[in-house]
There are 2 protein chains.
Amino acid sequence: MILKKDAENSVEATPKGSTKPHLTAGQQSVLDALQHQPQPLSAQALHGLMRCQQPIGLATIYRALDALKLLGLVQHRVTLTGETLYSAVKHDHHYLTCLQCGVSVPVDTCPVKELEAHLQGARSFRIYYHTLEFFGVCDRCEA
Amino acid sequence: MILKKDAENSVEATPKGSTKPHLTAGQQSVLDALQHQPQPLSAQALHGLMRCQQPIGLATIYRALDALKLLGLVQHRVTLTGETLYSAVKHDHHYLTCLQCGVSVPVDTCPVKELEAHLQGARSFRIYYHTLEFFGVCDRCEA
DNA sequence: TCAGGAATGATAATCATTATCATATTGCAA
DNA sequence: TTGCAATATGATAATGATTATCATTCCTGA
Ligand SMILES: [Mn+2]
Ligand SMILES: [Mn+2]
Ligand SMILES: [Zn+2]
Ligand SMILES: [Zn+2]
């Protein structure tokens with residue numbers, strides 16, 4: 001992959017000194033849409049949902065998602081089929097995914113919080129979110 | 001995505017009753033190649049490495065990697081650029097990845113083992129491996 | 001009000017991965 | 001052994017999610 005970046009990413013969407021980041025119209029709509037969804041969604045699925053209410057270009061959605069990730073407001077996860085799913089950062093959901101049929105079942109426990117806090121301090125890295133996923137074969141596919 | 005499957009996946013590569021799974025020539029070479037690499041590799045990188053020694057088609061490599069995943073011998077991880085990296089299942093390596101520049105630094109700790117064992121028992125799911133990755137912004141990009 | 005920068009949308013291009021399909025190998029029954 | 005059907009392999013075309021382009025519109029501050 002490795003394609004040239006369009007331009008300097010606007011990390012500085014946040015006015016200096018302001019505590020709340022300034023969001024563009026597109027970013028705001030995307031964030032709103034995501035926050036009203038209980039399930040992670042692909043960019044294209046989002047596009048399908050949003051184009052009815054507030055028409056918005058697919059490219060804008062991708063750009064907004066990138067920006068929101070960089071702001072720590074949105075997180076992502078990649079499915080076995082290569083789609084990227086996005087969700088608002090709040091609760092963290094993890095999954096148990098079957099390599100054969102692709103079914104994903106949620107896992108409620110998460111033992112990562114502690115380690116995350118520890119890393120946060122030890123490394124010079126601002127951590128926004130984490131992914132944790134288990135892969136294996138479900139019983140139906142075991143047969 | 002969601003493309004039709006080529007044919008029935010050969011989950012039954014393992015002769016009934018045998019404890020060691022039978023690997024095809026391609027699968028064996030791919031596994032060997034991976035086991036000699038300290039770093040996770042993409043399918044195409046593997047192809048580059050292998051084509052010198054034992055010529056092998058790229059499609060065969062992808063097929064072998066899928067089969068080896070299903071056998072619990074190989075694990076995968078998807079980078080921010082959408083490449084899938086494969087490695088032999090032995091130690092589990094986890095990463096801290098910068099959403100801005102894409103740099104990944106290894107994390108040595110892993111608090112997941114225990115939960116994995118627990119899930120293994122509770123769910124009717126055979127777990128082969130897990131991914132754990134932290135996303136944020138590195139200090140260089142923070143500026 | 002006006003110029004420069006940022007945001008947006010439509011659309012073309014990219015490229016890792018899959019699907020196809022023709023050919024080569026393998027496993028096994030007769 | 002031999003012949004055959006099933007499986008594996010390679011070359012190559014197709015797919016499709018994501019990116020890059022670029023023309024246009026929207027803001028914002030001087
Ligand atoms: Mn978690
Ligand atoms: Mn681990
Ligand atoms: Zn399954
Ligand atoms: Zn960085």
Side-chain angles (χ1 to χ4, degrees), chain A residues 1-16 18 21-31 40-48 50-51 54-70 74 76-86 99 102, chain B residues 1-16 18 21-31 40-48 50-51 54-71 76-86 99 102:
Chain A
M1 201 156 274
I2 304 176
L3 307 178
K4 272 183 300 182
K5 294 256 177 99
D6 190 0
E8 289 309 312
N9 270 341
S10 58
V11 189
E12 195 56 349
T14 308
K16 297 180 194 304
S18 169
H22 165 258
L23 299 184
T24 69
Q27 290 165 7
Q28 192 58 249
S29 341
V30 168
L31 183 56
L41 284 179
S42 71
Q44 310 213 33
L46 264 173
H47 190 224
M50 297 179 64
R51 65 186 328 171
Q54 325 91 46
I56 185 174
L58 180 56
T60 300
I61 292 186
Y62 276 109
R63 283 188 286 241
L65 289 170
D66 273 346
L68 292 170
K69 272 200 306 182
L70 240 22
V74 160
H76 84 282
R77 158 175 107 90
V78 179
T79 71
L80 283 183
T81 62
E83 288 178 308
T84 301
L85 304 184
Y86 301 87
L99 293 165
Chain B
M1 202 156 277
I2 305 176
L3 307 178
K4 274 183 299 183
K5 293 254 178 101
D6 190 0
E8 289 308 311
N9 272 340
S10 57
V11 189
E12 194 58 349
T14 309
K16 296 181 195 303
S18 169
H22 166 259
L23 299 183
T24 69
Q27 290 165 6
Q28 191 61 64
S29 340
V30 168
L31 183 56
L41 285 180
S42 71
Q44 311 213 31
L46 263 174
H47 190 224
M50 298 180 63
R51 65 186 328 169
Q54 325 92 46
I56 184 175
L58 181 55
T60 300
I61 292 185
Y62 276 109
R63 283 187 287 240
L65 288 169
D66 274 346
L68 291 170
K69 272 200 306 185
L70 239 23
L71 291 172
H76 84 282
R77 157 176 109 89
V78 180
T79 70
L80 284 182
T81 62
E83 288 179 307
T84 301
L85 304 185
Y86 301 87
L99 293 165

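These numbers come from the heavy atoms of this one structure, side chains and all, not from hydrogens, waters or symmetry mates. Keep in mind it's a predicted model, so treat the numbers as computed, not measured.
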Margin query: Expressed as a whole number of angstroms, how long is the span from B:Leu65:CG to C:dT18:P?
Written below: 10 Å

Check: To the nearest Å, how far apart are B:His76 NE2 and C:dA16 P?
Finding: 17 Å

Next item on the list: Taking side chain to side chain donor-acceptor pair (under 3.5 Å) as the test, write out the residues that go with A:Gln28, two or more places apart.
Entry: none

Item checked: Sugar-phosphate, base or nothing in reach of A:Ser42, heavy atoms under 4.0 Å -> nothing

Next item on the list: Write down the distance between CD (A:Glu83) and P (C:dA16), rounded to a whole number of angstrom.
Entry: 19 Å

Please produce a list of atom pairs where a protein N or O lies less than 3.5 Å from an N or O of nucleotides 9-14 of chain D.
unit_1	atom_1	unit_2	atom_2	d
D:dT9	OP1	B:Gly26	N	2.7
D:dT9	OP2	B:Thr24	OG1	3.4
D:dG10	OP1	B:Pro55	O	3.4
D:dG10	OP2	B:Gly57	N	2.8
D:dG10	OP2	B:Thr60	OG1	2.6
D:dG10	N7	B:Arg63	NH2	2.7
D:dG10	O6	B:Arg63	NH1	3.4

Margin query: Taking side-chain contact (heavy atoms from CB on, under 4.5 Å) as the definition, give me every residue that meets it alongside A:Thr79, ordered by chain and number, with sequence neighbours left out.
Written below: A:Thr81, A:Glu83, A:Leu85

Next item on the list: Take the protein atom CD of B:Gln28 and the nucleotide atom P of C:dT26, then report the distance between them rounded to whole Å.
Entry: 14 Å

Checklist line | By side chain to side chain donor-acceptor pair (under 3.5 Å) - contacts of A:His76 (at least two apart) | finding: A:Tyr129

Margin query: Without decimals, in angstroms, what is the distance between B:Leu41 CG and C:dT17 P?
Written below: 12 Å

Notebook entry, point to check: Got a sec, which residues hit side-chain contact (heavy atoms from CB on, under 4.5 Å) with B:Ala45, two or more places apart in sequence or on another chain?
Noted result: B:Leu41, B:Ser42

Next item on the list: Please report, rounded to the nearest Å, how far the P atom of D:dA17 is from the CG atom of A:Leu80.
Entry: 15 Å

Item checked: Within-4.5 Å side-chain heavy-atom neighbours: B:Gln27 and B:Val30 -> no

Item checked: Nearest-Å distance for atom pair CG/C1', residues A:Leu23 and C:dA7 -> 13 Å

Checklist line | Counterpart residues, side-chain contact (heavy atoms from CB on, under 4.5 Å), relative to B:Ala59 (two or more places apart) | finding: B:Arg63

Next item on the list: Give the rounded distance in Å between these two atoms: OH of A:Tyr62 and C1' of C:dT8.
Entry: 16 Å

